[in-house]
Amino acid sequence: MTDSTKHIINKLLGSRGRISAFAATAVLFVGITLLLLSVLVWWNFSLLLAGERQDNHATFFVLGKNITEQNMGSDNTFSATELAEIRQTSGVIDAGVVTPALFPAYATLGGAVAMATDLPLESVADKFLDTIPPGWGWRPGQRELPILVSSSFFDIYNYVFAPGQGLPQLSQKSATMLTLKLQVGGPAGGAYSAHVVGFTERFGSVLVPQSFIEYSNRMYAPAIEARPSQIVIHAADPAEEKLNSLFRQKGYSINAQNLRWARLKQIVSVVTATSGIIAFLLTAISGLVFSLFIQLTLARAQQSLTLLRQLGYSATFLRRVVYRRIFPLTAVAFAVAMAVALLVQSFAGGAAKEHQLNLPFLPGWPVWTVAGSAGMILALWLWVTTRNLIRE
Amino acid sequence: MQLTLQNIVPSTLATRLQGSASAIWGRELVLPMGSCVLVQAPSGTGKTTLVQILYGLNSSYTGRLLWGNTEASTASDKIVSDLRSRQVSIIFQDMRLFPELSARENIELKRAQTDTVPVEMVERWALRLGIADKMDNLVSTLSFGEQQRVSIIRGLAQPFQWLLMDEPFSHLDNRNRSAAAVLIAERVAEQGAGMLLADLEPNDLFPYSQTLQM
């Protein structure tokens with residue numbers, strides 16, 4: 001087919017409908033863009049909520065027994081059976097004990113920050129820690145003791161204790177440079193040089209290595225059985241209602257602050273899913289509008305198409321001419337929508353970086369997959385529509 | 001390619017033809033390649049129906065039509081398209097031009113299908129038929145006579161073994177009719193093709209080898 005024939009057939013197929021073609025392509029572009037942006041929103045939130053830092057909040061929480069009027073004063077620790085039962089609960093990936101120190105621990109600090117205080121020490125297995133800083137660990141005979149301080153505990157010092165006692169407030173960095181003299185097991189016990197090596201968001205006390213607690217409990221409180229009053233749990237979804245109602249039934253209390261993040265994640269998931277459904281519907285409507293434009297174009301040109309068939313132009317040939325008209329428009333709509341998605345993701349990546357969050361600067365596989373699938377579905381739809389309108 | 005009609009009776013004429021004799025309908029008729037056939041009959045007797053059946057536009061009939069060895073009723077879209085663009089050409093009674101296109105574009109649509117007739121030749125034909133200065137005009141602005149000449153040139157702008165014509169000169173005066181007939185005869189001779197002219201009255205425009213009364 002010569003260029004002049006292409007031009008003539010395109011003229012017969014309605015070159016005067018350029019404004020309609022532009023409008024239909026614009027509607028298609030809006031639909032695809034909304035779809036891709038909704039996938040971007042869902043994907044970015046998923047990354048933010050399931051990221052390493054956020055994962056600590058979302059999937060780990062500490063469980064204790066509710067202290068009530070009825071059980072106060074009695075033994076509220078967890079037995080080995082209860083621990084085994086928790087580990088077997090559906091939705092629980094792992095569970096470990098928070099081992100308390102059964103001996104007194106007294107810390108003193110000289111210099112500008114002169115103070116002395118009792119310290120609530122406890123430990124958990126390293127796999128339950130939200131941070132394992134360099135130098136974490138302890139072996140019998142070692143005088144240096146690394147400690148992890150709860151961020152909320154440190155806030156209490158900075159905002160409550162220090163101003164009231166006339167002590168200087170400390171940044172986290174400066175706190176790591178201080179050396180605490182730690183006396184454990186009373187005056188006749190052991191003395192250690194304790195260094196703050198990091199801060200924990202997950203636990204509310206002062207953590208020391210598990211080996212230190214086990215050793216010191218044996219040394220300074222051999223007669224007391226170390227039964228845990230708190231259990232740390234790694235769950236697939238801490239906000240899962242079944243899991244929570246089970247724990248409530250058993251009278252266990254859950255760290256509500258940690259759960260809030262998980263619930264927020266659930267709400268965001270629902271919001272993004274809803275926006276995704278709306279975007280999908282809008283895309284389907286825009287695809288329908290585009291398809292109707294094709295149908296209208298071909299219906300208008302039906303008389304010309306019939307005469308072209310009579311003159312010896314095959315249905316296959318005429319369909320190919322129509323495909324050459326509509327597929328570039330579809331491709332343009334997709335290309336511009338992808339360009340918008342690229343720009344938005346690049347902007348989101350930059351904005352996240354400013355807030356110390358980690359987001360990619362390019363859209364990930366879900367966006368490409370949805371774009372590819374939508375493209376294939378639309379192409380198939382247009383192919384079938386054209387085939388039905390130009391029958392052999 | 002010869003055309004074979006085997007007992008063809010169009011459904012629209014079935015009732016009227018019962019008991020009456022016809023040189024075409026309801027009998028075996030073979031039109032050998034290269035023959036020059038005049039189908040002469042008054043209005044309403046099925047001339048246009050015959051031309052449309054032979055061109056594959058009308059399949060509402062009983063009997064069989066063979067294009068060479070190809071059974072028309074079972075021919076695929078591709079075969080029919082190929083037949084219409086390379087083997088059988090037609091000049092419609094009602095012209096069937098695209099009114100939104102110019103005369104040149106109407107002819108070009110046919111010529112470019114096979115690109116076997118040079119553009120210059122088409123221009124010469126237009127000059128001979130007196131429409132050279134109308135080639136860029138929209139067909140809808142041309143007179144019936146001019147449209148008929150465009151339709152004739154379009155019918156000649158492709159290779160063919162048969163040229164089917166349905167009252168092709170109905171809007172032409174004697175001078176233009178003669179000029180068009182000469183051009184058609186030349187083109188048919190060049191191709192070694194056959195031709196079938198359906199018309200109301202007998203004429204001596206072509207050296208007919210067969211005259212059929214409906």
Side-chain angles (χ1 to χ4, degrees), chain A residues 1-22 24 293-326 328 380 382-392, chain B residues 51-52 54-59 74-119 122 136 138-140 150-151 154-160 164 166:
Chain A
M1 185 170 67
T2 62
D3 285 344
S4 66
T5 322
K6 273 185 209 167
H7 170 72
I8 297 168
I9 293 179
N10 278 326
K11 204 167 164 182
L12 290 172
L13 288 175
S15 59
R16 278 168 291 180
R18 276 185 190 145
I19 294 173
S20 319
F22 177 77
F293 156 72
I294 304 299
Q295 290 183 41
L296 184 67
T297 303
L298 293 182
R300 270 191 201 153
Q302 201 55 51
Q303 213 174 344
S304 299
L305 287 169
T306 304
L307 186 48
L308 284 167
R309 296 285 305 281
Q310 291 177 359
L311 293 179
Y313 284 94
S314 68
T316 312
F317 173 85
L318 293 174
R319 280 187 212 130
R320 214 178 299 142
V321 174
V322 174
Y323 296 147
R324 281 194 194 132
R325 270 171 69 84
I326 59 176
L380 189 66
L382 295 177
W383 182 76
V384 171
T385 303
T386 309
R387 208 176 163 75
N388 284 339
L389 288 167
I390 307 178
R391 288 175 185 275
E392 287 184 358
Chain B
V51 171
Q52 289 188 346
L54 292 174
Y55 193 60
L57 286 181
N58 187 338
S59 56
T74 55
S76 67
D77 180 65
K78 188 179 179 310
I79 287 174
V80 174
S81 301
D82 190 61
L83 182 105
R84 289 176 184 167
S85 55
R86 293 184 175 275
Q87 297 178 67
V88 181
S89 188
I90 190 167
I91 299 169
F92 293 104
Q93 182 187 21
D94 54 359
M95 275 87 82
R96 300 202 186 181
L97 298 167
F98 297 98
E100 66 269 54
L101 300 182
S102 68
R104 178 173 279 108
E105 286 171 331
N106 267 282
I107 297 166
E108 181 63 13
L109 266 181
K110 185 43 113 172
R111 191 205 67 79
Q113 235 179 350
T114 52
D115 203 14
T116 49
V117 175
V119 176
V122 169
D136 291 320
L138 284 182
V139 157
S140 56
V150 173
S151 176
R154 182 180 70 180
L156 302 179
Q158 70 163 83
F160 55 84
L164 307 176
D166 187 9

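The choice from B/Q113, B/E105, B/R96 that makes the most heavy-atom pairs within less than 4.5 Å of chain A is B/Q113. With chain A as partner, the option from B/D82, B/L97, B/L101 having the largest number of non-hydrogen pairs under 4.5 angstrom is B/L101. Top candidate by heavy-atom pairs under 4.5 Å with chain A, chosen from B/S76, B/G155, B/S81, is B/S81.
Neither the backbone nor the side chain of B/L83 comes within contact range of chain A, judged by heavy atoms closer than 4.5 Å. Of the atoms belonging to B/L57, it is side-chain heavy atoms, and not backbone ones, that fall under 4.5 Å from chain A. Using a 4.5 Å cut-off between heavy atoms, B/R86 makes no contact with chain A at all.
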*Does the side chain to side chain donor-acceptor pair (under 3.5 Å) test come out yes or no for B/R84 and A/Q310, once each step is laid out?*
CA-CA 8 Å; B/R84 289 176 184 167; A/Q310 291 177 359; over 6 Å; no

*Residues A/L12, B/L109; criterion side chain to side chain contact (heavy atoms under 4.5 Å, CB included); working and verdict*: CA-CA 11 Å; A/L12 290 172; B/L109 266 181; 3.9 Å; yes

_side chain to side chain contact (heavy atoms under 4.5 Å, CB included) between A/T5 and B/R111, intermediate numbers included_ = CA-CA 9 Å; A/T5 322; B/R111 191 205 67 79; over 6 Å; no

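In this structure, the side chain of B/K110 engages the main chain of A/L311 through a donor-acceptor pair within 3.5 Å.
B/D77 has a carboxylate O that lies under 4.0 Å from a charged side-chain N of A/R309, or vice versa, which qualifies the two as a salt bridge.
To the nearest 0.5 Å, atoms CG (A/L308) and CZ (B/F98) are separated by 4.0 Å.
Within 6.0 Å of CD on A/Q303 lie no more than 12 heavy atoms contributed by other residues, nucleotides or ligands.
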